[in-house]
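As structure tokens, the structure follows; a few thoughts come after it.
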Amino acid sequence: MSTVLVTGGNGYIGSHTVIALHESGYEVVIADNLSNSKLEVQRRLEKITGKSFKFYNVDCCDKEALRQVFEENKIDSVIHFAGLKAVGESVRIPLDYYRNNIMSAITVAELMKEYGVGKLVFSSSATVYGMSEDVPFTEESPLGVCTNPYGWTKWMIEQILRDFASANPEIKVCLLRYFNPVGAHESGLIGEDPRGIPNNLFPYISKVAGGTLECLTVFGDDYNTPDGTCLRDYIHVCDLADGHVKAIEYLAKTEENVCVFNLGTGKGTSVKEAIAAFEKACGHEIKHVFGARRPGDIPVCYASTEKAERELGFKARFGIDEMCSSCWKWQTMNPDGLAD
């Protein structure tokens, strides 16, 4: 049975991917330093799957600590999620983001080479496309005009991994560029559990709907879009998780050293539409006000999904209604998030 190391496997996307890998017959080893996740996730994963996963509390920047994971397990593939991920925070503490995100990726790559692990799926982001308004974004859209340090770290790591694969023909790398992951597992046992005030739209809406936060501020209602609010490509986290399983399967058969895929739905949903869908899911009005535009926001951002559908066999199953209803189930079952 093939063994996949999932770095950041206790996190939001990582934990859902662990379930998808398990359901597809993979053995999973998790490495996570719990800086933005909680140990409780391990108990929840065991409850959902009936399996206790091998877990290492380790920082992926710590080469000797991470070496133990490679030493003690016969790893066939790595999915690298581990990293800092808040756009606003990256502007405030850029050096932390550059150090952590880039060093963790380099450390993982070095140990893969040392231990003969040949397949790597990297958690990248649509932020690498920057401020372009030429939508939909295809995998060939221009890169390198990022608007924040978080996006730049993803862009830089993509280049580092391209060079790594080029210099080491036995290594295959798949770069997955996510659009906007939302939703939660159907059990309601795991979901997005940000520390402090949420940075992203859906966790914020959830907390307003649940009464934890008073009001949502929508940044701008005067964009050149059908209803004046920004359009984004939201993808259900369980669809995203399935995309990672398909990426692992693709690397096992492709001759390419580096492949790139967008993971999205291929359609935009406006902020107003997202609020209306969540109101339908929770059954009551969500208090919101309109504020000024936020610097760096582009009006429209959505993926071209043709390549992922054609080559990966990936197509999102869930729409905005399912995303909202699963968010609301997670929120009502875990109003204060997970216990530390």
Practice item. Could you tell me which residues satisfy ring pair (Phe, Tyr, Trp, His ring centres under 6.0 Å) with Tyr178, sequence neighbours excluded, listed by chain and number? Key: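 Tyr178: ring pair (Phe, Tyr, Trp, His ring centres under 6.0 Å) contacts with His244.
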Review point. Got a sec, which residues hit ring pair (Phe, Tyr, Trp, His ring centres under 6.0 Å) with Phe219, two or more places apart in sequence or on another chain?
Key: none
Sequence neighbours excluded and cut-off under 3.5 Å, please list the side-chain donor-acceptor pairs for residues 200-209, or say none.
residue: Asn200; atom: ND2; partner: Glu192; partner atom: OE2; Å: 3.4
residue: Ser206; atom: OG; partner: Phe202; partner atom: O; Å: 2.9

Main-chain N/O of [Y] paired to [X] side chain as donor or acceptor, under 3.5 Å:
X	Y	result
Asp32	Leu34	yes
Arg44	Leu338	no
Asp96	Ser90	no
Thr49	Leu45	yes

Point to revise | Asp59 and Met103, any side-chain heavy atoms less than 4.5 Å apart | key: no
**Study point:** Neighbour count >12 (heavy atoms, 6.0 Å) for atom NZ, Lys54
**Key:** yes
Exercise for review: Quick one: list whatever passes salt bridge (charged side-chain N to carboxylate O under 4.0 Å, His left out) with Lys272, sequence neighbours left out.
Suggested key: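 Partners of Lys272 by the salt bridge (charged side-chain N to carboxylate O under 4.0 Å, His left out) criterion come out as none, since no residue qualifies.
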Point to revise | Apart from Val87 itself, residues in the same hydrophobic cluster as defined by side-chain heavy atoms under 4.5 Å | key: Leu84, Ile93, Tyr97, Tyr150
Point to revise | Any side-chain donor near an acceptor of the partner, Asp227 and Ser270, under 3.5 Å | key: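 Distance-only check passes for Asp227 and Ser270.
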Exercise for review: Report the residues that fulfil side-chain hydrogen bond (donor to acceptor under 3.5 Å, both in side chains) with Ser304, sequence neighbours left out, ordered by chain and then residue number.
Suggested key: none
